[in-house]
Every structure is written in C-alpha cells, then in structure tokens.
Amino acid sequence: MRKTTLALVFFLAGALASGSVRAQQEGQESIEIGLSTDSVSITSGFSGTNLTIFGALDNADPLVSRQGRYDVIVVLEGPARPVVVRKKTRVLGMWINTDSQEFANVPTSYAVAMTRMPQDITNTGNYSRLAVGAENLHIRPQNGESPATIEEFTKALFDEKKASGLYTERVGGVQFLSRNLFRATLMLAPNVPVGTHRARAFLFRNGTFIRETSAALTIQKAGAEQRIYEVAHDYSFAYGSAAVFLAIITGWIGRLVFRRD
Amino acid sequence: MGIYLPIAEMSVNVIVLLAMGGAVGFLSGMFGVGGGFLITPLLIFYNIPPAIAVATGANQVIASSFSGALAHIKRGTLDFKLGGVLLAGGIVGSSIGIYVFALLRRLGQLDLIISLLYVALLGAVGGLMLVESVRAIRRASGGQTATLRRPGQHNWIHRLPLKMRFRASKLFVSVIPVLGIGAIIGFLASVMGVGGGFIMVPALIYLLKVPTNVVIGTSLFQIIFVAAYTTIVHATANQTVDVVLAFLLMVGGVAGAQYGTRVGQKLRGEQLRALLALLVLAVALRLAFDLFVRPSDIYSIAPLSGA
C-alpha cells in the first residue's frame with residue numbers, strides 16, 4: 001500500500017513539474033497530498049489505526065527548505081453532527097443536568113498533525129482565519145444563549161472530545177522526508193466515526209500561509225459488521241427477534257454445556 | 001483481544017466482556033435476578049453509549065435467565081401459572097413504561113429519574129430485606145426453624161377476592177395483587193431498562209409469601225419475556241441492540257448462570273436473601289454516590305437526534 005502511494009505522489013510531482021515554469025515566475029509554492037488509501041474499512045479486528053498521508057511541495061525554495069522554514073499542518077476532520085452539551089449543577093444536594101446548549105455542526109472527530117508547536121508555525125490570527133485547530137472551528141450554537149454561556153459550553157465540548165480521544169493534536173506528526181516530500185501520521189481512534197472525512201493540508205513559509213489542499217477519505221464498516229448494521233436499521237423488527245432467538249439458543253446450549261446439577 | 005462492535009461503533013476487549021457476562025450471570029442464576037441492573041451500569045462504565053447498554057443488556061439477560069430457568073424447571077422450582085399471571089400484568093406495565101421513557105428522554109432528565117428510582121427502590125428493597133434476613137438467620141442459629149410461612153398468618157392481600165390456586169408455590173391467593181405486582185414491576189423495568197428481578201424477588205417473598213426457591217425460578221421465567229419484549233422494542237424503535245456485544249456477554253452469562261444456580265441451591269433461603277440484600281444495597285450506594293458527590297466532569301455530551 002505504501003509503495004503505491006509513493007509512486008502516486010511522485011507521479012503527481014512529475015505532472016506538476018510541467019506547470020512549474022509559470023509557477024516559478026510567480027515564486028509561489030504549491031502543496032499536494034495523496035492518501036495511502038481513499039477508504040478505510042473497519043472490520044471485526046479494528047482497534048484504531050494510523051493513517052499515513054504523503055504530500056509534496058512543488059516549486060519549493062531550496063534556501064527556505066534547507067533552513068527548515070516550511071511548515072505543514074494536516075487536519076483530518078470527521079463528518080459534522082448535531083450535538084447537545086449538558087451541564088450538571090447542584091440542586092437539593094444532587095448533581096443533575098440543569099443547563100444545555102445545542103450545536104448544529106460539530107465534527108465527530110478532529111485530528112491535527114503538524115511539523116512544529118502551533119505557536120512556532122504561525123500566529124493565532126492565521127489559525128482562526130483558516131479555521132485550523134479545534135478551538136478555531138466554526139461551530140454554530142443552536143439555541144440563543146448569552147455569548148458567555150456559549151463560550152463555556154464550547155470549551156466543555158472540546159474538552160469532552162479530547163478526553164474521548166476523538167480530537168487529537170500531534171506535534172511532529174508531519175515530517176519532511178526530503179526537501180519537498182513530507183509524511184503526516186494521524187491516529188484514527190478505535191471509536192472513529194464512520195462517514196466521509198476530509199483531509200486538509202496547509203503550507204506555511206516563515207509563518208505566512210501559502211496554500212491549502214484537501215482530499216476526501218471514506219471510513220466505512222466492511223464485511224459482517226456492515227451487514228449487521230444494515231440489517232439492524234432496515235429490518236429492525238426481524239433483527240430484534242433474531243437477537244432474542246440467539247439469546248434463547250445461547251441459553252439452551254449454555255445449559256447443556258455448563259450443566260452443574 | 002479486540003473486536004469491533006457494529007452498532008456501538010467501537011472496538012472492545014473480548015476477555016473483559018466475557019468476564020463481565022460471567023460474573024453477572026453467576027449472580028443471576030444464584031438470586032433469580034436477570035442482572036440487568038448490574039450489566040447496564042458495567043457497560044456504561046466501559047464507555048458503551050447508555051442507549052446501547054440498556055438495550056443490549058436486555059438482550060443478554062434473556063440468555064442467562066433462560067439458562068437459569070431451565071435448571072429450575074428440572075428441579076420443579078418454577079411456577080408457570082404464577083409466572084404467567086405476573087407476565088400478563090407486566091406487559092401492561094411495561095407498555096406504559098416505554099411511553100414514559102420516551103417522554104423523559106425528550107426532557108433530558110432521564111438519567112436523573114433513573115438514578116433516583118434506582119437509589120430509592122434499591123435502597124428501600126435492599127434495606128428491608130437485609131433487616132428481615134438477618135433476623136431470620138439469628139432465629140435459625142438460635143435453634144428455631146426460620147420460615148416466612150407461619151400458619152394462620154394472613155395479611156390484607158390474602159383477603160382480596162378472585163382467588164386462584166398456585167400449586168408449585170403452595171399458594172392460594174387473589175389474582176389482583178399478582179397482576180398488580182406484575183404491572184408495577186413491568187413499568188419500573190422498562191423505565192429503568194432492567195428485567196425487574198431485584199424487585200420481583202422480594203415482592204414475591206414478602207408480599208405473596210412464595211417460598212424463596214420457587215421465587216427464583218419463577219422470577220427468571222418472567223424476566224425472559226420482559227427482556228425479550230424490551231429487546232424487540234428497543235431494536236425496532238431505536239436500533240440500539242448490538243448482537244455482537246450481546247453475544248459475548250451471553251456466552252459468559254450462561255456459563256456463570258449454571259454455576260450460580262448450583263451455589264444458590266446450596267444456600268438456605270434466608271442466607272440467599274441476605275446476600276441479595278447486600279448486593280442490592282451496594283448498587284444503591286454506588287448510584288447515590290454518583291448523585292450526591294460532585295462529579296469529576298460536570299459536562300456531558302450527547303448526539304442530538306432528530307435535529
């Protein structure tokens with residue numbers, strides 16, 4: 001798999017070289033990424049995996065890259081879903097859910113890999129303008145609460161996501177393999193959501209944003225897992241009955257096998 | 001050893017789940033409780049989403065209850081007639097319960113109501129049982145025969161009309177309290193996502209004065225149907241039954257249930273009741289702890305469905 005990817009990237013680099021004369025005149029670098037696969041299949045043995053994304057800089061300035069002043073940030077963003085955040089407060093000595101805030105479009109997962117510490121790459125203005133990093137995501141609050149409440153719940157949302165391993169940040173997760181070839185390693189958590197994920201790569205030179213590119217990645221259940229899921233949703237009554245039947249059979253066989261009287 | 005769960009959409013450890021199922025199955029066979037009130041919190045503790053834990057727990061309960069009930073049929077300690085009447089009441093109760101469950105979930109207060117119900121019920125039931133059984137054990141060690149059935153002792157329940165004879169339980173009682181107990185337990189069971197064995201067992205022992213050994217078999221029989229009903233309803237309405245998860249728990253559970261039944265039959269009725277009381281109280285205390293002690297994280301997130 002890795003070999004074919006490398007081949008693909010070199011092919012891309014070659015194809016881009018034809019347009020490099022014009023690009024060189026403008027002195028503008030460009031960035032390309034190739035995923036090691038365009039779909040990840042989740043089978044019964046899945047327990048999280050590393051996703052490797054290869055990429056290439058085209059028309060890189062040799063001087064700048066020798067000084068290591070090109071920086072790359074790669075983001076893998078899961079499909080957006082509506083989410084409700086609830087807050088517990090103390091009522092009559094009991095901790096109960098009293099406050100809640102809904103958000104319309106929260107990415108189910110968000111993994112960031114970068115060449116260096118975020119503050120060494122560029123300034124916060126750039127991060128928020130490019131919406132890079134979990135705290136800069138444009139998340140729409142649903143019900144109109146005060147800005148302070150929204151801020152509090154947004155922070156709580158990110159903390160929860162980080163704690164569950166769905167929002168990750170890996171400094172040093174992007175490495176330059178040569179002057180213009182780089183590799184990003186992103187962690188797919190064991191509970192990674194299925195659906196279409198979007199990989200985006202951002203190129204910075206001396207802290208200045210140059211260009212971004214993106215690619216799609218489909219994460220799907222495969223084989224028996226996918227069929228079970230489909231049956232559970234499409235034929236839910238039959239599925240429920242089968243689950244009951246399975247339990248009865250298991251109970252009966254268990255009685256025969258483990259009989260102790 | 002990991003395995004990916006198709007409905008819960010996460011990877012879990014097979015050995016942990018087998019052990020979890022085994023431990024709960026053992027207690028299930030021993031006390032005649034389905035174990036739903038133990039398996040659901042355990043699954044949630046293991047990061048399984050609560051909705052899936054409740055529905056899948058019900059599915060696994062069928063297997064260990066069926067396995068345990070088979071052992072009781074062989075011993076003649078299962079009263080089919082009593083179980084059938086309880087079940088008739090139970091179906092009415094759980095249908096109402098499922099409606100209330102959906103209503104509470106919309107209000108976002110489901111967790112609170114469930115916790116409060118658990119703490120109040122488990123605390124009361126466990127406490128009363130413990131006091132009674134400790135007294136019985138004391139009496140037994142003092143040389144007297146400990147029994148809940150004293151001749152000539154009748155409470156108001158035994159004066160109600162529409163009497164019916166339950167031979168296996170050596171009981172002649174009105175069907176009204178039997179149907180009523182079934183309905184109340186069915187209601188609580190579906191709101192709390194459990195089979196209701198831990199309420200059924202004390203109710204039959206103390207209210208109807210059914211012999212402890214018959215209670216366990218009969219309770220298991222009744223739970224099979226309640227849990228099957230719950231499983232199908234959850235599977236149809238919410239698609240939250242994960243068969244892979246349920247199967248792993250079942251395999252552990254049926255093995256445990258057979259050993260549990262054997263141990264349960266070696267113990268005397270009052271010892272069994274005391275142990276069940278302690279178990280029930282322990283769960284109540286654990287839940288009360290969650291309710292009254294400041295949680296480490298006061299925020300929680302949940303997917304917003306139907307938006």
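Letters A, B, ... mirror the listed sequences (proteins, then strands); counts begin at 1. Heavy atoms only: backbone and side chains are in, while hydrogens, waters and symmetry mates are out.
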Please report the interatomic distance [atom1]([X]) to [atom2]([Y]), rounded to the nearest 0.5 Å.
| X | Y | atom1 | atom2 | answer |
| --- | --- | --- | --- | --- |
| B/Met10 | A/Ile42 | CE | CD1 | 12.0 Å |
| A/Asn191 | B/Leu5 | CG | CG | 11.0 Å |
| B/Thr261 | A/Arg255 | OG1 | CZ | 7.5 Å |

> By a 4.5 Å heavy-atom criterion (distance strictly below it), what part of B/Val233 contacts chain A: side chain, backbone, both, or neither?
Replying inline: neither
>> With a 4.5 angstrom heavy-atom cut-off, is it the side chain or the backbone of B/Ile224 that approaches chain A, or both, or neither?
In response: side chain
> Between B/Val251, B/Asn59, B/Ile7, which has the largest tally of heavy atom pairs under 4.5 Å with chain A?
Replying inline: B/Asn59
>> Heavy-atom pairs under 4.5 Å with chain A - which of B/Gly256, B/Ala8, B/Ala228, B/Ser11 has more of them than the others?
In response: B/Ser11
>> Given 3.5 Å as the limit, does a donor-acceptor pair link the side chain of A/Arg90 with the main chain of B/Phe292, or not?
In response: yes
>> Would you say that more than 12 heavy atoms from the other residues, nucleotides or ligands in this model lie under 6.0 Å from the CD of A/Glu151, or not?
In response: no
> Partners of A/Lys161 by salt bridge (Lys or Arg N to Asp or Glu O under 4.0 Å), sequence neighbours excluded?
Replying inline: none
> Which residue pairs satisfy the salt bridge (charged side-chain N to carboxylate O under 4.0 Å, His left out) criterion with at least one member in residues 235-248 of chain B, sequence neighbours excluded?
Replying inline: none
>> Please enumerate all residues that pass side-chain contact (heavy atoms from CB on, under 4.5 Å) together with B/Phe225, with sequence neighbours excluded.
In response: B/Leu87, B/Phe221
>> In the structure I gave you, are the side-chain heavy atoms of A/Tyr239 and B/Gln239 within less than 4.5 Å of one another anywhere?
In response: no
> With only heavy atoms counted, which part of A/Lys87 is less than 4.5 Å from chain B, the side chain, the backbone, both or neither?
Replying inline: both
> Looking at A/Pro190, A/Ala163, A/Ser236, A/Gly240, which one has more heavy-atom pairs under 4.5 Å with chain B than the rest?
Replying inline: A/Ser236
> Can A/Arg86 and B/Tyr299 be said to form a side chain to side chain contact (heavy atoms under 4.5 Å, CB included), step by step?
Replying inline: CA-CA 6 Å; A/Arg86 295 200 174 94; B/Tyr299 298 98; over 6 Å; no
> Which of residues 241-254 of chain A have a heavy atom under 4.5 Å from any heavy atom of chain B?
Replying inline: A/Ser241, A/Ala243, A/Val244, A/Leu246, A/Ala247, A/Ile248, A/Thr250, A/Gly251, A/Trp252, A/Gly254
